[in-house]
Participant: 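What follows is a single structure, and I will ask about it in a moment.
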Amino acid sequence: MDSSTELVAFAASNSSLESGPNELAAPHLLSRQPSRFKGVVPQPNGRWGAQIYDRHARVWLGTFADEEIAARAYDVAAVRYRGREAITNFPGERVSAGELAFLAAHSRSEIVDMLRKHTYAAELRQGLRRGRGMGARAQPTPLWAWKLLFEKVVTPSDVGKLNRLVVPKQHAEKHFPLKRAPEEKTTGKGVLLNFEDGEGKVWRFRYSYWKSSQSYVLTKGWSRFVREKGLRAGDTVAFSQSVYGQQDNNQLLINYRKTPRKQQDEGPDDAIAAEARSIKLFGVDITGGGRKASEGHGEFLET
DNA sequence: GATTGTGTTGAC
DNA sequence: TCAACACAATCG
């Protein structure tokens with residue numbers, strides 16, 4: 001059980017928004033303490049959960065190591081669900097017009113998803129950067145703006161229950177240099193990296209080096225990506241880097257390509273659908289998959 | 001084994 | 001609507 005993960009820091013960490021791994025002091029019964037924030041509930045392990053109620057139903061917004069971060073997550077959801085005048089934990093911090101537009105451009109479930117994945121801040125920043133005028137809706141960075149770093153045909157274990165993708169050593173050391181961390185500065189295991197996918201969504205994975213197996217891996221967050229993209233052994237994932245600002249923010253992209261399969265081997269959806277799903281023009285999906293017209297009625301912020 | 005987040009209940 | 005509490009489902 002030598003899970004000895006060598007903790008290291010990424011040379012130019014492309015973003016490490018908010019709370020790192022939990023760094024609790026006394027995990028035990030310290031959790032009973034109720035939160036001083038609205039929409040925040042203590043978790044048995046000392047962390048904090050955020051939730052909001054929508055029409056009698058609880059909407060879980062995720063768990064956070066920091067109580068205040070959880071409170072901010074609630075605030076974001078409150079504004080998205082109840083509008084600009086919603087009661088929030090930090091009334092003093094006005095919501096910018098840009099953020100309001102960003103919120104309006106995404107469905108409630110999308111915002112909740114970002115909060116749960118802890119990528120809201122990153123997506124907002126990205127959304128504000130492009131979306132300039134009013135396009136509002138997060139547009140994917142065009143494919144020509146990316147430089148391919150490397151690809152990997154995923155193995156069964158990469159898409160299995162292990163929640164980890166082994167990054168081929170040669171590529172890892174060349175493109176994702178893991179520099180020794182300033183000792184204790186690395187509170188958690190490894191480093192958190194954000195990747196934009198072909199649809200403009202942001203994914204966050206933990207990247208670290210497993211000493212026991214002497215391999216570089218993407219762990220936390222990986223299985224969620226596998227699940228949502230329906231990745232299967234044999235499919236290909238590609239990692240690219242923005243051709244812009246090398247030092248700026250080191251934007252990273254993760255894409256995937258499904259390998260055609262016999263219908264009998266296909267899971268829930270067939271190969272036709274899988275292929276149609278990947279037809280894109282300059283990074284923009286022209287197949288019409290589009291947004292899920294979920295959500296109830298009477299939404300605020302909906303234009 | 002640890003953590004998440006759902007089930008459920010009872011106040012406000 | 002909202003959170004306290006218990007604990008099953010899910011995760012790492």
Side-chain angles (χ1 to χ4, degrees), chain A residues 1-7 18-83 85-89 108-109 111-120 155-167 187-193 203-213 215-228 231 296 298-300:
Chain A
M1 50 184 79
D2 183 338
S3 61
S4 54
T5 53
E6 184 171 315
L7 310 191
E18 158 252 311
S19 68
N22 40 321
E23 46 209 78
L24 353 162
H28 260 58
L29 300 173
L30 190 72
S31 56
R32 289 288 79 116
Q33 173 193 185
S35 175
R36 60 180 187 285
F37 294 114
K38 182 179 177 62
V40 178
V41 293
Q43 288 299 90
N45 57 353
R47 286 165 64 83
W48 304 88
Q51 59 184 25
I52 188 171
Y53 283 80
D54 173 41
R55 211 269 175 210
H56 280 212
R58 170 177 50 201
V59 177
W60 189 251
L61 305 175
T63 59
F64 308 82
D66 182 25
E67 184 179 10
E68 191 176 302
I69 297 299
R72 290 178 186 288
Y74 171 84
D75 284 3
V76 169
V79 172
R80 180 61 185 79
Y81 277 77
R82 301 162 183 169
E85 299 306 311
I87 294 175
T88 60
N89 290 301
R108 290 176 175 183
S109 61
I111 295 300
V112 169
D113 205 55
M114 292 178 205
L115 294 173
R116 292 176 68 148
K117 290 192 303 182
H118 295 199
T119 61
Y120 178 77
T155 66
S157 63
D158 284 335
V159 296
K161 290 293 180 182
L162 280 51
N163 185 30
R164 67 107 176 86
L165 168 77
V166 172
V167 181
T187 51
K189 298 83 170 103
V191 78
L192 297 173
L193 296 180
W203 297 81
R204 156 178 287 200
F205 306 121
R206 180 176 299 291
Y207 175 58
S208 58
Y209 179 68
W210 280 357
K211 211 171 181 179
S212 59
S213 55
S215 54
Y216 294 87
V217 293
L218 287 182
T219 58
K220 195 164 188 281
W222 176 249
S223 61
R224 187 191 288 264
F225 181 81
V226 170
R227 197 186 322 136
E228 181 167 318
L231 282 188
E299 290 200 55
F300 288 86

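A note on names: the letters A, B, ... follow the listed sequences, proteins ahead of strands, and every chain is numbered from 1. Keep in mind that what you see is a predicted model, and the values were worked out from it rather than measured.
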Participant: Could you give the OH-to-P distance, from A:Tyr81 to C:dC2, as a whole number of Å?
Facilitator: 13 Å
Participant: Using atom CG of A:Asp54 as one end and atom C1' of C:dT1 as the other, report the distance to the nearest whole Å.
Facilitator: 11 Å
Participant: From the options C:dA4, C:dC7, B:dT6, select the nucleotide whose nearest atom is closest to the side chain of A:Pro44.
Facilitator: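 For A:Pro44, the side-chain atoms sit closest to C:dC7.
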Participant: For residues A:Trp222 and A:Asn163, report the shortest heavy-atom separation together with the two atoms involved.
Facilitator: N-OD1, 3.4 Å
Participant: Give the nucleotide from the list B:dG5, C:dA3, B:dT8 with an atom nearest to the side chain of A:Lys38.
Facilitator: C:dA3
Participant: How would DNA chain C look in dot-bracket form, 5' to 3', counting Watson-Crick and G-U wobble pairs with both distances under 3.5 Å and writing | for bases paired to another strand?
Facilitator: |||||||||||.
Participant: Got a donor-acceptor contact below 3.5 angstrom from the A:Asn89 side chain to the A:Ala71 backbone?
Facilitator: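 Yes; at least one donor-acceptor contact below 3.5 Å.
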Participant: Hey, is A:Arg108 close enough to A:Asp54 for a salt bridge, meaning N to O under 4.0 Å?
Facilitator: yes
Participant: Give a yes or no on whether the backbone of A:Thr63 and the side-chain of A:His118 come within a donor-acceptor separation of less than 3.5 Å.
Facilitator: yes
Participant: What contact category does A:Arg116 fall into here, base, sugar-phosphate, or nothing, at under 4.0 angstrom with non-hydrogen atoms?
Facilitator: sugar-phosphate
Participant: Over how many whole Å does the gap from A:Arg55 atom CZ to C:dC2 atom C1' extend?
Facilitator: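 After rounding, the reported distance stands at 16 Å.
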Participant: How would you list, by chain and number, every residue that makes a side chain to side chain contact (heavy atoms under 4.5 Å, CB included) with A:Lys117, sequence neighbours excluded?
Facilitator: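 Partners of A:Lys117 by the side chain to side chain contact (heavy atoms under 4.5 Å, CB included) criterion, ordered by chain and then number, come out as A:Asp113, A:Thr119, A:Lys201, A:Trp203, A:Arg224.
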Participant: Please identify each residue that fulfils salt bridge (charged side-chain N to carboxylate O under 4.0 Å, His left out) with A:Arg36, with sequence neighbours left out.
Facilitator: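 Applying salt bridge (charged side-chain N to carboxylate O under 4.0 Å, His left out) to A:Arg36 gives A:Glu67.
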Participant: Touch check for A:Arg164, heavy atoms < 4.0 angstrom, all strands: base, sugar-phosphate only, or nothing?
Facilitator: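 Answer is nothing: A:Arg164 stays at 4.0 Å or more from every strand.
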Participant: Please list, pair by pair, any protein nitrogen or oxygen found under 3.5 Å from a nitrogen or oxygen in nucleotides 9-12 of chain C.
Facilitator:
residue, atom, partner, partner atom, Å
C:dC11, OP1, A:Arg227, NH2, 3.3
C:dG12, OP2, A:Asn163, ND2, 2.8

Participant: When the distance from CD1 of A:Ile52 to P of B:dT6 is rounded to whole Å, what number comes out?
Facilitator: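 Atom CD1 in A:Ile52 sits about 15 Å away from atom P in B:dT6.
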Participant: Which residue pairs satisfy the salt bridge (Lys or Arg N to Asp or Glu O under 4.0 Å) criterion with at least one member in residues 158-167 of chain A, sequence neighbours excluded?
Facilitator: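 Passing the test, one end in residues 158-167 of chain A: A:Lys152-A:Asp158, A:Asp158-A:Arg164.
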Participant: For nucleotides 9-12 of chain B, which of its nitrogen or oxygen atoms have a protein nitrogen or oxygen under 3.5 Å away, and what is each distance?
Facilitator:
none

Participant: If you compare every side-chain N and O of A:Arg58 against the phosphate oxygens of B:dG5 (OP1, OP2), does one of them come in below 4.0 Å?
Facilitator: no
Participant: Mapping A:His56 and A:Ser35 to their closest nucleotides on DNA chain C, which lands nearer the 5' end?
Facilitator: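 Its nearest nucleotide lies further toward 5', so the answer is A:His56.
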Participant: Using a distance-only criterion (donor-acceptor N/O pair, under 3.5 Å, no hydrogens), is the base of B:dG5 paired with the side chain of A:Gln51?
Facilitator: no
Participant: Starting at atom CZ of A:Arg224, determine the distance to atom P of B:dT3, rounded to an integer number of angstrom.
Facilitator: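 After rounding, the reported distance stands at 17 Å.
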